[in-house]
Amino acid sequence: MAAQNIYDDPEFLAGYSTLDRQVRGLDGAAEWPDLSAMIPDITGQRVVDLGCGFGWFSRWADQNGASSVLGIDISAKMLDRANADTSSSTVDYQRADLDELTLATQSCDLIFSSLTLHYVKHLERLLSMAAQSITPGGSLVFSVEHPIYSAPTVQSFDTASAGHQVWPLDNYLIEGERETSWFVDGVIKEHRTVATYVNTVISTGFTLERIVDWGPSAVEVRAHPERAQDLHRPWFLLVQATRTTD
């Protein structure tokens, strides 16, 4: 069965392109300061960007000294824009389904992925392949939609009897597909528990370095009061791991 490629849907892509993180790039991604702090010095490193989208991180890696960058995405339309916005000869883009992707053994030093792995159906296969492709001592850094966010049958806030807003968590331990409406109906994501993400990282050949349940800080809430409700549940799970040295 072919992977879902919702990002080539014109209606979805039109809506997605209006997001602050797609208009302003990494500066518009609120979690970027915490996620970037997990990335080691990439000077002279070979970098792979899984789910590269418009190429924001791929270009950042190139500008920060990577010797080569390979951005991979399933969306032809996103890769078209990534290519149009990228002028460096050391950045290449490739169209591929991450559930079928194969990279050469020890062909990179860092694999990065932003908000993509929750679309991947066979996570263990992908991370096992990643472990073989990263040099021992190299790094894996990724973010996903937080499982507390992805678990509920209805992914929206509710109002408790006392009048305050709550995030109704259900089905947390029931892993698998979640169908949601996001710009269009029928967007499919894969829900996994935090334990599944962590244990899969460890079992496929990585040493876990750090995880972050990411949500807006108090400073951000003061600057953006509308984000106060987001203190009730994290947006993203951020993960930093090192390829276990043989």
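FYI, side chains are in, hydrogens and waters are out, and symmetry mates aren't considered; it's all heavy atoms of this structure.
- The heavy-atom pair separating Ala61 from Val69 by the smallest distance is CB-CG2, 4.0 Å.
- The hydrophobic clustering, which links ILVMFWY residues whose side-chain heavy atoms are closer than 4.5 Å, places Leu140 and Leu70 together.
- One finds the CD atom of Gln63 at 10.0 Å from the CD1 atom of Ile42 (value rounded to the nearest 0.5 Å).
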**OP:** List the steps and the verdict of side chain to side chain donor-acceptor pair (under 3.5 Å) for Glu31 and Ser143.
**Re:** CA-CA 9 Å; Glu31 77 283 7; Ser143 64; 4.8 Å; no

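- Each of Trp167 and Ile174 belongs to its own hydrophobic cluster when Ile, Leu, Val, Met, Phe, Trp and Tyr are linked at side-chain heavy-atom distances under 4.5 angstrom.
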Output side-chain donor-acceptor pairs under 3.5 Å for residues 233-240, partner residues at least two apart or in another chain, one line each.
residue: Arg233; atom: NH1; partner: Asp230; partner atom: OD1; Å: 2.9
residue: Arg233; atom: NH2; partner: Asp230; partner atom: OD1; Å: 3.3
residue: Trp235; atom: NE1; partner: Asp230; partner atom: OD1; Å: 3.2
residue: Gln240; atom: NE2; partner: Met38; partner atom: O; Å: 3.3

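- The cluster map of Ile, Leu, Val, Met, Phe, Trp and Tyr, joined by side-chain heavy atoms under 4.5 Å apart, puts Ile188 and Phe12 in different clusters.
- Rounded to the nearest 0.5 Å, atoms OG (Ser139) and CZ (Phe206) are 9.0 Å apart.
- Taking 4.5 Å as the limit, every side-chain heavy atom of Arg178 sits out of range of all side-chain heavy atoms of Glu190.
- Follow the hydrophobic side-chain contacts under 4.5 Å out from Val198 and you never reach Leu35; the two are in separate clusters.
- Of all the heavy atoms in Gly53 and Ala82, the pair that sits closest is O-CB, 3.7 Å.
- In terms of modelled atom types and a separation under 3.5 Å, the side chain of Ser17 and the main chain of Ala14 share no donor-acceptor contact.
- Judged by distance alone, the side chains of Glu209 and Thr242 do bring a donor and an acceptor atom under 3.5 Å apart.
- Considering every non-hydrogen atom in both Gly51 and Asp73, the closest pair reads C-OD2, 3.2 Å.
- A donor-acceptor distance shorter than 3.5 angstrom exists from the side chain of Ser113 to the backbone of Leu50, with no hydrogens or angles considered.
- Looking at Arg95, its side chain does come within 3.5 Å of a backbone N or O of Ile74 through a donor-acceptor pair.
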Original post:
Could you go step by step and tell me if Tyr149 and Lys189 meet the side-chain contact (heavy atoms from CB on, under 4.5 Å) rule?
Top reply: CA-CA 11 Å; Tyr149 193 103; Lys189 299 177 183 179; 5.8 Å; no

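- By the 4.5 Å heavy-atom criterion applied to side chains, Val47 and Trp60 are not counted as neighbours.
- Atom-to-atom distance recorded for Gln94:CD and Asp49:CG is 12.0 Å, nearest 0.5 angstrom.
- A distance of 6.0 Å or more separates the ring centres of Trp56 and Trp32.
- In terms of modelled atom types and a separation under 3.5 Å, the side chain of Glu220 and the main chain of Ser217 share a donor-acceptor contact.
- With values rounded to the nearest 0.5 angstrom, Phe183 atom CZ is found 8.5 Å from Tyr16 atom OH.
- Nearest heavy-atom pair, Asp158 versus Pro168, reported as atom, atom and distance to 0.1 Å: N-CD, 4.2 Å.
- Annotation: side chain to side chain donor-acceptor pair (under 3.5 Å) contacts of Ser75 (sequence neighbours excluded): Asp8.
- Checking side-chain atoms of Asn83 against main-chain N and O of Leu79 turns up a donor-acceptor pair under 3.5 Å.
- In the model, Gln4 has no side-chain atom that pairs as donor or acceptor with a side-chain atom of Tyr119 under 3.5 Å.
- Salt bridge annotation for Arg192-Glu124: absent, with no cationic side-chain nitrogen under 4.0 angstrom from a carboxylate oxygen.
- Using a distance-only test at 3.5 Å, with no hydrogens or angles considered, a donor-acceptor pair links the side chain of Arg243 to the main chain of Ala131.
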**OP:** Verify side-chain contact (heavy atoms from CB on, under 4.5 Å) between His232 and Val166, making sure each step is shown before the conclusion.
**Re:** CA-CA 7 Å; His232 295 298; Val166 295; over 6 Å; no

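- Listed for the Ser128 side chain is no donor-acceptor partner under 3.5 Å among the backbone atoms of Leu126.
- The distance from the CZ atom of Phe54 to the NZ atom of Lys77 is 11.0 Å, given to the nearest 0.5 Å.
- Of the possible polar contacts, none joining the His118 side chain to the His191 backbone as a donor-acceptor pair under 3.5 Å is found.
- Within the model, atoms CD of Gln45 and OG of Ser67 stand 7.0 Å from one another, a figure rounded to the nearest 0.5 Å.
- Relative orientation of the Tyr197 and Phe142 rings is tilted, given thresholds of 30° and 60° on the angle between their planes.
- Note on Tyr93 and Ile111: separate hydrophobic clusters, where clusters join Ile, Leu, Val, Met, Phe, Trp and Tyr whose side-chain heavy atoms are under 4.5 Å apart, directly or indirectly.
- For the pair Asp62 (side chain) and Thr90 (backbone), a donor-acceptor distance under 3.5 Å is absent.
- With a 4.5 Å cut-off on side-chain heavy atoms, His122 and Glu100 do not count as touching.
- When every heavy atom of Leu169 is checked against every heavy atom of Ile148, the shortest pair comes out as CD1-O, 3.9 Å.
- Side-chain contact between Asp213 and His146 is present, with at least one heavy-atom pair separated by less than 4.5 Å.
- Neither side chain, Ser68 nor Arg46, offers a donor N or O lying under 3.5 Å from an acceptor on the other.
- A donor-acceptor pair under 3.5 Å is absent between the side-chain atoms of Gln106 and the main chain of Pro136, judged by distance alone.
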